[in-house]
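One structure is given here, and the rest of the page talks about it.
Because the structure is predicted, anything quoted here is derived from the model rather than measured.
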Amino acid sequence: MAPIDPHSFTDSTHPLTTHISLTFYFDFPSSTISSATLLSFSTPYTGSLTLDTRSLSVSSVLDPLSLSPLPFSLSPTDPILGQSLNISISKQTHQILILSKTSPSSSALQWLSPTQTFNKNHPFLYTHCQPIHARSIFPCQDTPVARVKYTAKLNIPRELSAVMAARHVERRDPIPSEAQGVCEDSVWCGDDRVVEEFVMEQPIPPYLFAFAIGELGFREVGPRTRVYAEAVPEVLDAAATEFAGTEEIVMVGERLFGPYEWERFDLLVLPPSFPLGGMENPRLVFLTPTVIKGDASGSQVVAHELAHGWTGNLITNKNNEHFWLNEGFTTYAERRIVEAVQGEDIASLNIGIGWMGLVKDMERFKDNMEFTKLKTSQAGVDPDDVYSVVPYEKGFQFLQRIERQIGRPAFDDFLKKYIGTFKFQSIDTDMFLNFLKANVPGIENEIDLKLWTEGTGIPPDAMEPVSNLYSKIVSLANEFKLGRIPREDEVADWKGQEWELYLENLPKSVEASQVRALDALYHLSESKNYEVKVAFLQLAISARCRDYYGVVERTLKEVGRILYLRPLYTALVQGDRKEEDRAFARRVFSEACDSYHPIAQAVVEATLAKNV
């Protein structure tokens, strides 16, 4: 076997999937999906074939023309990769059909009961497949190397609707004989069922497969953007207001990076359990409701997910060892968009917040510096366990370093050529570096490319941001050490990012009285901006200011975003924390964990196991 990805069983000697036809029957009472997966390969093939699965029950593998069974077996379970599905193909074919069923514990799916939704009338289901969770929905070559087009038929309860990161074809009554064996025709065609049909006509990596099902509504906010959410008028209206400027952001992105290739840029605001800020699913970005802050600053998350339309979705890392190619480029592109729309000061604040996050993660990985590199080695490593801002922020710093060396106009030209050359491809670090050296002759003599991509830590030619606003905020944070809290006139114009940067720059050891005094003036513990609230609560925990533990508990129970869960639980249990803090963390998690997405559950469990 010659694997092409440390996180996939896919064999380099086997043909790659080019198209998948999916037939899904959703059974909400059992929290399962019965599936028929028709895989089409790049060339006709005979021999053994290996696919990725996780927690799937596979009932049969068939030749789709003759419906004759093909021999198959599932390997023992690997804790990171799941199980390989090994299929023997004796007669040359370019397609196989697999019947399978998901587990209620599928790592890609979160099934929400009616009580966990806003309206509390109907259940809700959504996916999150990055980095290696598509295999827990259907068997596939779950690696970015295998870019696929697909069609999908979703058979769902009639009172619900479905959205997908693909073009919607139609909503219609089920048709007898189209069930492909996932259930009996009488079940498929029940009076209470409806089929939503979708097609993805551009090749995507499997981790970008995404759908959501529930009681959904939408608002039109631009010529190519709808905002979807649960059908609650106040949620939809707040989202539409927050993202009203989306079309301007798309147009700026096109001006900087070339045509937007995905036709639609719709947004789906998910329930609070969604584990990320946003997920760049093509045509339909998934967002946490915590980005709705009432001041349009949530558009910066939208700018990041939009930027993925060029870097990440259009050009994709070949595997997670080169994740910086997705996120470093996208962070750079996001900040160029923000600079164009909101100005250099705001872009500098973003860079400053990112710089502080980078410094923090260098400390987090001080005992495992491999994960402070851009090009990492991840064999035997769960990519969710080592997720950090390093590929985002160190990757951004690397690209900014190249821009400083050759100048922005030349770098802009380089970026457009890079995107045009590699679009709809999956590449690795060496391919990028070779392209860089070919198009910027002599760059390797000016910048230590190997140090940047393979070296640990922050390179000496990385640069902390410089701007008057950034310097003023850092200066005020330094004065906090002397007991001085900013005056109201000094912070009158501050929004969430300014406060976030200020709090991130405060000393890690402060007195409880200082924490109370700061909050008495500015009510940071009550902020609607969760980045601000969580940064303040970390400060309160470090000061052992138990006045705020009730707010900490409420926060951990009302949101499921890993960006907030990891630092709060870590603050409660790391280092020399008292046992009562650790017991508090364990109790809160035991009460809240059922409302977290499976990926978030695993992250918190790992945090507690490491420190408790």
* Asked: Which is it for T50 and S84 under the side-chain hydrogen bond (donor to acceptor under 3.5 Å, both in side chains) test, yes or no, and what are the steps along the way?
  -> CA-CA 6 Å; T50 306; S84 63; 6.0 Å; no
* Is the ring centre of F286 less than 6.0 Å from the ring centre of H128? -> no
* Asked: Between H597 and Y126, does the ring centre distance come in under 6.0 Å?
  -> yes
* To do: Could you name each residue pair satisfying ring-ring contact (aromatic ring centres under 6.0 Å, His included) that touches residues 428-447, not counting sequence neighbours?
  => W324-F432, F329-F432, F414-F435, Y418-F432, F422-F435
Test [X] against every option in [options] by the side chain to side chain contact (heavy atoms under 4.5 Å, CB included) rule and name the one that passes.
| X | options | answer |
| --- | --- | --- |
| C129 | L208, I137, N281, D142 | I137 |
| S73 | V58, I87, N86 | N86 |
| P144 | S8, P131, P205 | P205 |

* To do: Let me see the working for L62 and L70 under side chain to side chain contact (heavy atoms under 4.5 Å, CB included), right down to the final yes or no.
  => CA-CA 5 Å; L62 306 170; L70 301 175; 5.9 Å; no
* Residues in side-chain contact (heavy atoms from CB on, under 4.5 Å) with R364, at least two apart? -> D361, S388, R566
* side-chain contact (heavy atoms from CB on, under 4.5 Å) with E454: which residues, sequence neighbours excluded? -> K375, K450
* Asked: Cationic tip of R335 within the cone over F396's six-membered ring, i.e. under 6.0 Å and within 45° of the normal?
  -> yes
* Asked: What residue among S106, S136, S107 forms side chain to side chain donor-acceptor pair (under 3.5 Å) with R54?
  -> S107
* Asked: According to the interplanar angle, ranging from 0 to 90°, do the rings of H14 and Y45 count as parallel (below 30°), tilted (30 to 60°) or perpendicular (above 60°)?
  -> tilted
* Asked: So F211 and F24, would you call those rings parallel, tilted or perpendicular, with 30° and 60° as cut-offs?
  -> tilted
